[in-house]
**Q** 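Please read through the structure below; I'll follow up with questions.
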Amino acid sequence: QAGTTTNYTYNPSIETNITGYDTQWAATVSQSSTERLFGSYSLKTITSGVTGDEGFYTPTYIGNGTYIGSAWVKGPAGATIKTAVQGTGMGVEVNYTLNGSWQKITTNTYTESGGAAVRMRIFTVTTIQAITWYTDGVQMEQASATTPYCDGSLTGNGTRSWSGTAHASTSTCTYGQDGEINGPTWTNNGKFGKALSFNGVNKNYVKSDPQTSFPTQLSFSGWINPSS
């Protein structure tokens, strides 16, 4: 996946506050360091179980175009949530069953032509559920398919920048045929420049680019620095 992407979500990894995340019904949201995939925090959502369709909306962006949204979520195995892009209207909802680990959820594409603010919504399905789940790496982009998570501070081994204030504006990132980083964070203390830091707690891995072809047999090598 070589190219450039822009993440139109202003506060995608909840690193400084929960600004822009609005709740639905009796759901509550808060910044949490208990679970996180990118950076030091995630968005903790608690639903009351009073009604279905509890959850939150992500920060809005105003602009016409075709959008697709994605986010990483972690919640109790078997719980069910749904997501869609909403603007003047709303895209077709996609249902997901949580598996107890971090998993990527993706909306269907949605085309906005009325100049309304667009945002993702992540709710429980109609079934009443009193659950807690965590969300990180929220991304809204003008594309027909999702690209690796883009954040002006936290991700990518290519170039990355904010359009304005860090964690309060859009992000633009370039990437080559690199794997998608799920959990590890970049550090400057590598054997040869930068390195990936694995926290040893969450499920951390790097997913290869789908356009990369591998031979039948191959081997890997790398330098590791285990810490206590």
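In this chain, numbering begins with 1 at the start of the sequence shown.
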**Q** Looking only at heavy atoms, what is the nearest atom pair of Ser70 and Thr106, with distance?
**A**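 It is CB-OG1, 4.1 Å.
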**Q** Looking at Thr107 and Gly69, would you say the former's side chain and the latter's main chain have a donor-acceptor pair under 3.5 Å?
**A**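 Flag set: sc Thr107 to bb Gly69 pair under 3.5 Å.
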**Q** Does Glu35 offer a backbone N or O that forms a donor-acceptor pair with the side chain of Ser42 under 3.5 Å?
**A**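 Present.
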**Q** How many angstroms lie between OH in Tyr21 and OG1 in Thr45, if you round to the nearest 0.5 Å?
**A**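 Tyr21 atom OH to Thr45 atom OG1 measures 10.0 Å (nearest 0.5 Å).
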**Q** Which class fits the ring pair Phe38 and Trp72: parallel under 30°, tilted 30 to 60°, perpendicular over 60°?
**A**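 Correct class here is perpendicular.
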**Q** Which of these, Thr170, Thr147, Thr6, Thr9, sits in a side-chain hydrogen bond (donor to acceptor under 3.5 Å, both in side chains) with Glu141?
**A**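 Checked Thr170, Thr147, Thr6, Thr9 against Glu141; only one passes side-chain hydrogen bond (donor to acceptor under 3.5 Å, both in side chains): Thr147.
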**Q** Could you go through Gln142 and Tyr67, starting from their C-alpha distance and side-chain angles, then the distance that decides it, and tell me whether this counts as side-chain hydrogen bond (donor to acceptor under 3.5 Å, both in side chains)?
**A** CA-CA 4 Å; Gln142 289 188 346; Tyr67 293 87; 2.9 Å; yes
**Q** With sequence neighbours excluded, what pairs up with Tyr61 under the ring-ring contact (aromatic ring centres under 6.0 Å, His included) test?
**A**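 Tyr61 satisfies ring-ring contact (aromatic ring centres under 6.0 Å, His included) with Tyr8 only.
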**Q** For side-chain hydrogen bond (donor to acceptor under 3.5 Å, both in side chains), just list the numbers for Thr66 and Thr111, CA-CA rounded to whole Å, side-chain angles, deciding distance to a tenth of an Å, and then say yes or no.
**A** CA-CA 4 Å; Thr66 297; Thr111 300; 2.9 Å; yes
**Q** Without swapping roles, check the side chain of Gln129 against the backbone of Thr80 for a donor-acceptor pair under 3.5 Å.
**A**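 Confirmed, Gln129 side chain pairs with Thr80 backbone.
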**Q** Which heavy-atom pair separates Ser169 from Gly164 by the least distance, and what is that distance?
**A**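 Ser169 and Gly164 have their closest heavy atoms at OG-N, 3.0 Å.
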**Q** Treating Asn108 as the side-chain partner and Val92 as the backbone partner, does any N or O pair qualify as donor plus acceptor under 3.5 Å?
**A**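 Judged by distance alone, yes, a pair lies under 3.5 Å.
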**Q** Ile105 versus Val94: any side-chain heavy-atom pair under 4.5 Å?
**A**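 Counting from C-beta outward, Ile105 and Val94 never come under 4.5 Å.
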**Q** Using side chain to side chain contact (heavy atoms under 4.5 Å, CB included) as the criterion, list what pairs up with Ala117, not counting sequence neighbours.
**A**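 Scan of Ala117 (side chain to side chain contact (heavy atoms under 4.5 Å, CB included), adjacent residues dropped) gives Thr60, Ile62.
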**Q** List the residues meeting side chain to side chain contact (heavy atoms under 4.5 Å, CB included) with Thr132, not counting sequence neighbours, and say none if there are none.
**A**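 Only Lys44, Ile46, Tyr134 meet the side chain to side chain contact (heavy atoms under 4.5 Å, CB included) criterion with Thr132.
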**Q** Have Ser161 and Thr172 got a donor and an acceptor in their side chains that come within less than 3.5 Å?
**A**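 Their side chains do not contain a donor-acceptor pair, so the 3.5 Å distance test is not met.
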**Q** Looking at OG of Ser40 and CD of Glu15, how far apart are the two atoms once the value is rounded to the nearest 0.5 Å?
**A**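 So the OG of Ser40 and the CD of Glu15 are separated by 5.0 Å.
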**Q** Test Trp133 against Thr135 for side-chain hydrogen bond (donor to acceptor under 3.5 Å, both in side chains), laying out the working first.
**A** CA-CA 7 Å; Trp133 82 84; Thr135 306; 3.2 Å; yes
**Q** Check for a donor-acceptor pair, side chain of Gln31 on one end and backbone N or O of Ile14 on the other, with a separation under 3.5 Å.
**A**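 Confirmed, Gln31 side chain pairs with Ile14 backbone.
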**Q** On a heavy-atom basis, which atom in Ile128 and which in Val50 lie closest, and how many Å separate them?
**A**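 Taking Ile128 first and Val50 second, the nearest heavy atoms are CD1-O, 3.7 Å.
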**Q** Just by distance, with hydrogens left out, do Ser48 and Glu54 show a side-chain donor and acceptor under 3.5 Å apart?
**A**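 Judged by distance alone, the side chains do pair up.
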**Q** Does the side chain of Leu43 reach to within under 4.5 Å of the side chain of Phe56, using non-hydrogen atoms?
**A**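 They are in contact (side-chain heavy atoms under 4.5 Å apart), so the answer is yes.
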**Q** Please report the shortest heavy-atom distance between Ser13 and Asp151, naming the atom on each side.
**A**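 That would be OG-OD2, 3.3 Å.
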**Q** Taking the side chain from Glu112 and the backbone from Gly63, do they hold a donor-acceptor pair closer than 3.5 Å?
**A**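 Between the backbone of Gly63 and the side chain of Glu112 there is no qualifying donor-acceptor contact (under 3.5 Å).
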**Q** Under the rule for ring-ring contact (aromatic ring centres under 6.0 Å, His included), what residues qualify as partners of Tyr57, not counting sequence neighbours?
**A**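 Tyr57 satisfies ring-ring contact (aromatic ring centres under 6.0 Å, His included) with Phe123 once adjacent residues are dropped.
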**Q** Under the side-chain hydrogen bond (donor to acceptor under 3.5 Å, both in side chains) criterion, do Thr159 and Thr174 qualify, and how do the steps go?
**A** CA-CA 5 Å; Thr159 62; Thr174 61; 2.6 Å; yes
**Q** Has the side chain of Thr47 got a donor or acceptor atom that lies under 3.5 Å from a matching backbone atom of Gly49?
**A**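 No.
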**Q** Could you pull out all residues at least two apart from Asn95 that satisfy side chain to side chain contact (heavy atoms under 4.5 Å, CB included)?
**A**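 Side chain to side chain contact (heavy atoms under 4.5 Å, CB included) list for Asn95, sorted by chain: Lys82, Val125.
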**Q** Please answer whether the main-chain N or O of Gly137 pairs with a side-chain N or O of Asn7 as donor and acceptor at a distance below 3.5 Å.
**A**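 A pair under 3.5 Å: no.
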**Q** Can you name the residues that form a side chain to side chain contact (heavy atoms under 4.5 Å, CB included) with Thr16, not counting sequence neighbours?
**A**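 Side chain to side chain contact (heavy atoms under 4.5 Å, CB included) check on Thr16 returns His167.
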**Q** Identify the two heavy atoms, one from Ile131 and one from Ala79, that lie closest to each other, and give their separation to 0.1 Å.
**A**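 Closest approach of Ile131 to Ala79, heavy atoms only: CD1-CB, 3.8 Å.
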**Q** Answer yes or no: is there a donor N or O on one side and an acceptor on the other, between the side chain of Gln139 and the main chain of Pro12, under 3.5 Å?
**A**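 Not confirmed, Gln139 side chain does not pair with Pro12 backbone.
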**Q** Taking Asn11 for the side chain and Asn17 for the main chain, is one N or O donor matched with an acceptor at less than 3.5 Å?
**A**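 Yes.
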**Q** I need the minimum non-hydrogen distance between Arg119 and Thr58, along with the two atoms involved.
**A**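 Closest approach of Arg119 to Thr58: CB-O, 3.4 Å.
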**Q** Answer yes or no: is there a side-chain heavy-atom contact under 4.5 Å between Gln103 and Lys74?
**A**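 Counting from C-beta outward, Gln103 and Lys74 never come under 4.5 Å.
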